[in-house]
Structure formats: C-alpha cells, structure tokens
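A quick write-up on the structure given underneath.
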Amino acid sequence: MKELQSILSRIDGKGYKAYKDLQGKSFSLADFDLIVHYAQGDPFASPSRIALRIPQEKAQFSPATFNPEIRRKALCDYITRTLARVINQVARGNRGTGKSGLITVDKPGQEILERTSVVINSDYIEARIFVGLPARGRKILGRQAAEMLLEELPEIVKKTLYFSALNPNHLIKHIKTAQDQEHMRQELEEKGLIAFIANGAILPRKSGVDERPMDKKKAIPFQSPPELEIELNPPHYGPVKGMGIPQGVTLIVGGGYHGKSTLLRALERSVYNHVPGDGREQVVTRARAMKIKAEDGRRVEKVNIAPFISNLPFQEDTRAFSSEDSSGSTSQAANIIEAIEAGAETFLIDEDTSATNFMIRDYRMQKLVARDREPITPFIDKVRQLFNDLNISTILVLGGSGDYFDVADKVIMMNQYLPRDVTREAKGIARQHKSHRVSEGGEHFGKLTQRVPLPASLNPRKGQKVKIKARGDESIQFGYENIDLKGVEQIVHDSQTRAIGDLIFYALREKIIDGSRSLPEITEKLNNLLDEKGLEIISPHAGKPPGNYARPRSLEIAAALNRLRTLKVKVVE
Ligand code: ADP
Ligand code: MG
C-alpha cells in the first residue's frame, strides 16, 4: 500500500506516461493484491487493466459453489454482475480528462456465458476490471488516482469478492438456475426433443433493442397445448411442464403479429443459459441449433451448394460456389451448408428473414418456369432429406405457404401469443387440397465437401501491426478487412465477438489453421484447447489476461471465418 501511495505522489502532476511506472506491478492492499497488467498511454486510450485477487482463505467460497464447471461459470457470471452493480454505487466516476475516473467491468447481458472477467479456483478469486487513470489534460492527478485505487477499489472488493458479502439466496439461485438449464438441455437429447418451453415462460422482450423481458403486466405467459405437453425434471427446480418440440420438421404458423418470430427468437437464444428472472430460464434449445437467414451481399468461398442450387447462368460449378456478392437464395444455401459443415444439428428459420424463392416454388411457378431453367431446389424439397440423411431437424416459422404441410411432422399455430397443435388439421387440409407441386429434391440431401482454410489468406495485420478489434456484436476489424456478423444472430454479447477475433488470430499463431485441417477440425481443436486451458489463452498479450472475453460457440467461430472476405480454402473431395 505504501509503495503504491509513494509512486502516486511521486508521479502527481507529471506527464501521463509516468503512469507506466505502475505497469506490471503488484501491490498488496489489506486482504487483496492489486495487479496492474496494463497502464494506458493517455487519458483517451483504452482504459488500464487491473486485476484484484483475494486468497480463498479470505474470500471463503466453498468448492460446491464452483464445482462442477457449470457452477463455476454461473458463479463467475454472478460475481461479474454484482461487480457491475457495486461499481455503479461506489465509483464516483469522471474526474478529469477523457476516461479519467472510470471504473468498469465487462457487464453481462441476459445470458450466462463463460467469461474471463472473474476467475475462481480453490486458491483464489480474481476480478479483472478496467480503470481510467485520472489526469487533467495530460497531467497526472495523483491524489485522485489514490482515491480510486486506495479507497474505491478496496470498497468494491469488500462488497463483491467475499462470499459473506454476497446475498447467498440470490447467488445459489443463480447457480441452480444455470445448472438446471444445462440439465434440461441434456434431457432434450435423451427424449429426442430439440427444444422445450416451460409453461409460464415469458418470451417477448422489452423492445427490439432491449433483451430484458417484457413487462409482466403486458406479456402473455407461454402455455403448452395439451398434445405437446411434456415434463422435464431439472435437479434443483424439480418437475416442470411445458411444450416439447420433437425432432423432425416443425412448422410454426399463424397470423401476422401473433408471436411466431418471438417464439423462434426465444429458441435461438436458448442455446445459452438465461439468468433468473429473464423469462426464458426454463426454455432450452439443443446446444448446436443454428439460426439460418438470407444474407445477400455476403462473400462465399467454395461452398458446395449443389444440394440447393445448380446450373447457374455463367457459373460453371456450384459444387465449389464462390461469390463476392451472393444473392438472397445463394447466401441462404451457403449459410445452411456451412452450418452443416460446422456441426449444426437443428436449423431455425424465419420467413421474415428468408429468401422466398429459396423457401418455396409453388405448382403454378413450376408450370411456368421449367425445372431445367430454375437453378434452385427450394428448401421445402430438401428439409426431409436433411433430417433423414443428416439427422438435422428444422423449426420453421411460416405464415405464407401451406405447401409445407406435406413435409412437416408437427404444425404449431400461434394464436394471440398462445400455441395450438394443429398438425391433424393441417394434414387433413393437405390431403383434401393437393398442392399439385412436384417434389424436386431427389431422394437424398446430396454430397457434402470438406474445406481446408489456407492460413496465407488470413492476414490480421494492417501494415506492420496486428489490428483486430470488435465493433459491437456485429462486426470485427481483422487487419484490413471487416468481418460483417449481422447475419450471425446467435452472437449475444460484444465479448463473444472480441473473443472470435482473437480466436482466429490465435488459431493462426498456433498453426491450428495450418492448411491441412478442415474447418470443423480447426474449431474442434480450438474448443479442446479452451476446455483444457481456459478462454484467456487466446489473448495476444501473454501474461496480461484481459477480462472481457466471453466464449463463443464453434458455430459462430466458423461463421466468422466464412465471412472473412479474404478467406481462401482448398476443397477436399
Ligand atoms: P409474428 O412473427 O407472428 O408476426 P411477432 O413475434 O413479431 O409476431 O410478435 C408481434 C408483437 O407481439 C411483438 O411486438 C412482440 O413483442 C409481441 N408479443 C409476442 N409475444 C408476446 C406475448 N407472449 N405477450 C405479449 N406480447 C407478445
Ligand atoms: Mg414474424
């Protein structure tokens, strides 16, 4: 403490660079160590990175709160949220130029993700925070720095990093809720289901830009139709009833504005665990479910879209289709094939964001445009083959075409936000009113090809310097390139985007992308390494663990690589 004090009074009034004297140092303050991993170069630069570490003898978290792994994730998430709240109460904020006075932590959203913001093990607990070291202009404000580091931080530590400082009921509920969701997702597999929505779940959100639940007074709670009602048995909560969506092809139909897309969006996000009070904490979807959209304009690199598209005008071969500017239908086809390659096991598709000509070609259009002039085999003619050959189920929101009744296993109708099982009615209608269309999909889904990314095609540098930067959750700057992730909807936090950017760089550095591993082999290798060594290994700054990564799924890592416009692959037959 004395040492920190004396450095701060020595550099008071000096130029900002003198803060570098703190960098790499560790100070013992009462119960905890304050480690300055990085001191920023000026008051406007990204804030300084600081770790606060307390030995477990003092913090007193029992091993049951962080074993097994799922509990550790939930506990870290809980402490990170508590940190965000307490920082808000304790830190006095701006005092000087630029980011002077700022204290932050990487604040989570509605999902409980694996993060690097807090580390907990049997030896210690460590929080990684960001601090704007204070200055007036470029002149160090030493006294204000002392206020932040020697008064505010100890206060924050006191209220967050000791088990006794936390609300045990809330903490335990947080952990149990996460563990229950993990368990329910396991039950899905055992029972041959792909999704489950508990009765009473609140699916609608506050707004299109606010993921918190809609006001309880306005939202209509979910209620399963009797035909689809099943029971899961999470260990802590106990038996819970709700709608089970079985494997196969499921249609969600209904009038406009009756809650179809809201239901699908809840399923998209429920590949992750939700916090208590979210409304979706008893909604679970198979972990490798992938939302598929049309994404015209995206680049595509040698993807075998032949199952859906062949005989393109002026295009030789759709078994290795490339485009700098794909259309709605070709982009949607590529998204599906790439997701299969990356290991997706369920597709979630909404008519609102699909290419119509990719989804359907009705009888009259089949009559007018002969088969040999239409390159597209619509999804309706492949959705069953997808299930039969590859065991990939589909949930499809569709208000506009009854032709799909023929290929669906289940038809669920949303009516004023409540589901009904209308499978029998829909099948009856399909028998009575034939669609007359001819199935164009053949017996099998079609061949899949392997692609091997070539490392020379990925350049993380801009000039000499490595430049990788997440911009929100929708874009990553990667060297000179910009990876556009707007079409990748299941990235739910900026910190996942940040991790994806650095993961790609890590895979290059470590020669995991080596010109002989295929894309799924690359993501598998990455996942094994992350499981074994932790997410922070991807940091480009060794020994300075950043506290703002959240773990992405392999599906999104692959999706980002596929959207890097310089990517070149070798096709393996
Ligand atoms: P659709 O896809 O059927 O056209 P949406 O899912 O987009 O309909 O929902 C339309 C509107 O209804 C949205 O503003 C949504 O927030 C709201 N909404 C959806 N589900 C519910 C619900 N259970 N309770 C209250 N409002 C809801
Ligand atoms: Mg909709």
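Read the numbers this way: they start at 1 and go in the same order the structure lists the ligands and their atoms.
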N/O separation below 3.5 Å, [X] to ligand 1:
X      : result
Gly256 : no
Thr262 : yes
Ala219 : no
Tyr257 : yes
Asp352 : no

Salt-bridge contact Glu338-Arg298 (side-chain N to carboxylate O under 4.0 Å):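 Salt bridge present between Glu338 and Arg298.
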Arg185/Glu190 ion pair, N-O < 4.0 Å: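 Judged by the 4.0 Å cut-off on N to carboxylate O distance, Arg185 and Glu190 do not form a salt bridge.
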Would you mind checking which non-hydrogen protein atom is closest to [atom], with the distance to 0.1 Å?
atom                    : result
atom 8 (O) of ligand 1  : Gly259 N, 3.2 Å
atom 18 (N) of ligand 1 : Tyr417 CE2, 3.4 Å
atom 24 (N) of ligand 1 : Ile220 N, 2.8 Å

Heteroatom N/O/S of Thr262 within less than 2.8 Å of the Mg ion (ligand 2):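 Of the N, O and S atoms in Thr262, none lies under 2.8 Å from the Mg ion (ligand 2), which means no.
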For ligand 1, the portion of Ser261 having any non-hydrogen atom under 4.0 Å away: both
Within reach of ligand 1, part of Met214 (heavy-atom separation under 4.0 Å):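 The answer is the side chain.
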Closest non-hydrogen atom pair between Ile337 and Pro307, with its separation: CD1-CG, 4.1 Å
Nearest heavy atoms of Gln416 and Ile220, plus distance in Å: O-CD1, 4.1 Å
Residue pair His174, Asp77: steps toward the side-chain hydrogen bond (donor to acceptor under 3.5 Å, both in side chains) verdict: CA-CA 9 Å; His174 202 81; Asp77 178 274; 2.7 Å; yes
Measure from the side-chain N and O atoms of [X] to the backbone N and O of [Y], and report whether any donor-acceptor pair falls under 3.5 Å.
X      : Y      : answer
Tyr404 : Met359 : yes
Glu440 : Pro378 : no
Glu489 : Glu268 : no
Arg205 : Glu211 : yes

Test item, Gly255 contacting ligand 1 (heavy atom, 4.0 angstrom):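 Flag set, Gly255 near ligand 1.
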Sub-4.0 Å heavy-atom approach of Gly254 to ligand 1: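 Gly254: no contact with ligand 1 (<4.0 Å).
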Aromatic ring proximity Phe445/Phe308, centre distance under 6.0 Å: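 Aromatic pair counts; centres sit under 6.0 Å.
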Per-atom contacts, ligand 1 versus His258 - under 4.0 Å to a heavy atom: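 Per the distance check, 1 (P), 3 (O), 8 (O).
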Distance filter under 4.0 Å to Lys218 heavy atoms, resulting ligand 1 atoms: 25 (C)
Atom of Asp352 nearest the Mg ion (ligand 2) (restricted to N/O/S, atom name only): OD2
